[in-house]
Amino acid sequence: MRIDIVTIFPSFFDVLDLSLLGKARQSGLIEVVAHDLRDFTHDRHRTVDDTPYGGGAGMVMKPEPWGEALDAIVGEGPSDALLVVPSPAGEPFTQQLARELAAESHLVFACGRYEGIDQRVVDHYSTRMRVRLVSLGDYVLNGGEVAVMAMIEAAGRLVPGVVGNPESLVEESHEDGLLEYPSYTKPQQWRGLEVPPVLLSGNHGRVAEWRHEQQLERTRAVRPDLLPPE
Ligand SMILES: N#Cc1c(-c2ccc3cc[nH]c3c2)n[nH]c1N
């Protein structure tokens with residue numbers, strides 16, 4: 001998988017060289033390149049924003065640098081790459097969407113700042129490639145970088161070969177639609193708190209049953225919207 005990120009803060013993504021995705025990059029499973037949007041400007045101040053038509057507070061990101069940056073990545077004609085644009089107005093980012101991103105061979109992320117990117121960028125590239133506006137959640141961020149980091153981590157770990165033991169991907173929150181069960185490790189007693197005895201029983205059937213019940217209990221408590229219809 002090839003991932004291109006366009007941002008005014010390319011060093012923000014240096015952290016992707018660490019941990020799991022760092023190994024995936026070293027092994028060539030995932031190639032990540034962060035591009036500085038200001039490298040696609042031509043004025044002395046490397047300007048990427050301007051005042052909004054129609055007035056209002058804040059600044060809007062100019063379309064020209066975006067056009068030059070994205071054309072440098074996907075060429076000037078149709079492209080099979082998927083352009084992902086983080087936006088509060090986007091579709092919710094979910095585990096299912098992470099799976100869909102993980103199946104792509106080329107992802108391009110456009111990190112907006114200020115009040116966002118001139119709409120014509122999305123309109124233009126929608127004629128040449130698939131474009132998805134995606135929201136990390138119902139809260140306001142200052143730009144798209146944090147959202148893109150989360151999306152890359154969530155999708156990257158699903159790319160075959162990135163996670164050593166694929167079984168560890170199965171029993172996780174949201175993977176089977178429910179929240180995950182609580183986990184315990186040694187010591188058996190810690191600050192007067194014991195490990196649930198069923199986990200010490202060696203009875204795998206009963207452990208699985210207890211874990212599923214814990215998933216249902218947790219999901220009922222904090223995310224009833226995730227419960228399967230009765
Ligand atoms: N994804 C997402 C976002 C954002 C977001 C995304 C891009 C820009 C560009 C300027 N401001 C932004 C906010 N806010 N809240 C979310 N869930």
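Just follow the structure's listing: the first ligand is 1, and inside any ligand the first atom is 1.
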*asked:* Regarding Lys62 and Asp43, does a basic nitrogen lie under 4.0 Å from an acidic carboxylate oxygen?
replied: no
_Could you check whether Asp36 pairs with Arg46 (Lys NZ or Arg NE/NH1/NH2 to Asp/Glu carboxylate O, under 4.0 Å)?_
yes
_Any nitrogen or oxygen of Tyr139 lying under 3.5 Å from a nitrogen or oxygen in ligand 1? Just yes or no._
yes
*Compute the shortest N/O to N/O distance between Met151 and ligand 1 and return yes if it is under 3.5 Å, no if not.*
no
*Can you find a non-hydrogen atom of Gly90 under 4.0 Å from ligand 1?*
no
*asked:* Below 3.5 Å, N or O to N or O, backbone or side chain included: is there any such pair between Pro88 and ligand 1?
replied: no
*How far apart are the closest heavy atoms of Gly58 and Pro52, and which atoms are they?*
O-CD, 3.2 Å
*Under a 4.0 Å N-O cut-off, is there an ion pair linking Arg130 with Glu104?*
yes
*In terms of hydrophobic clustering (I, L, V, M, F, W, Y; side-chain heavy atoms under 4.5 Å; direct or indirect links), are Phe9 and Val108 co-clustered?*
yes
*Could you list which atoms of ligand 1 come closer than 4.0 Å to a heavy atom of Asn142?*
10 (C), 11 (N)
*Which bit of Ser135 is near ligand 1, meaning a heavy atom under 4.0 Å away: side chain, backbone, both or neither?*
both
_Taking atom CD as the centre, does Glu115 end up with more than 12 heavy-atom neighbours from other residues, nucleotides or ligands that are less than 6.0 angstrom away?_
yes
*Measure the distance from atom 13 (C) of ligand 1 to every protein heavy atom, then report the residue, atom name and distance (to 0.1 Å) of the closest one.*
Leu141 O, 3.3 Å
*Select the closest option to atom 7 (C) of ligand 1 among Gly116, Gly58, Pro86, Ala150, judged by heavy-atom distance.*
Pro86
*What atoms in ligand 1 come closer than 4.0 Å to a heavy atom of Gly112?*
9 (C)
*Counting heavy atoms only, which of Pro92, Gly143, Ala110, Ala89 is nearest atom 12 (C) of ligand 1?*
Gly143
_Using heavy atoms and a 4.0 Å limit, tell me yes or no: is Asp138 in contact with ligand 1?_
no
*Quick one: closest heavy-atom pair of Leu158 and Ala154, and the distance?*
CG-O, 3.4 Å
*asked:* Could you check whether Arg132 pairs with Glu91 (Lys NZ or Arg NE/NH1/NH2 to Asp/Glu carboxylate O, under 4.0 Å)?
replied: yes
*asked:* Are Phe40 and Ile73 connected into the same hydrophobic cluster when the rule is that any two of I, L, V, M, F, W, Y join if their side-chain heavy atoms are below 4.5 Å apart?
replied: no
*Non-hydrogen atoms of Tyr114 versus ligand 1: any pair closer than 4.0 Å?*
yes
*Residue portion contacting ligand 1 (non-hydrogen atoms closer than 4.0 Å) for Arg113*: backbone
*For ligand 1, which atoms have a heavy atom of Gly144 less than 4.0 angstrom away?*
7 (C), 8 (C)
_Side-chain donor-acceptor contact under 3.5 Å, Asp17 with Gln26_ = no
*Of the non-hydrogen atoms in Cys111 and Met61, which two are nearest, and what is the gap between them?*
O-SD, 4.3 Å
*asked:* Below the 3.5 angstrom mark, is there an N/O of Val134, backbone or side chain, next to an N/O of ligand 1?
replied: yes
*asked:* Heavy-atom pairs closer than 4.0 Å: do any link ligand 1 to the side chain of Cys111, the backbone, both, or neither?
replied: neither
*asked:* What I want to know is whether Leu136 and ligand 1 share at least one N or O pair that is separated by under 3.5 angstrom.
replied: yes
_Protein heavy-atom partner closest to atom 17 (N) of ligand 1 - residue, atom, separation in Å_ = Gly137 O, 2.9 Å
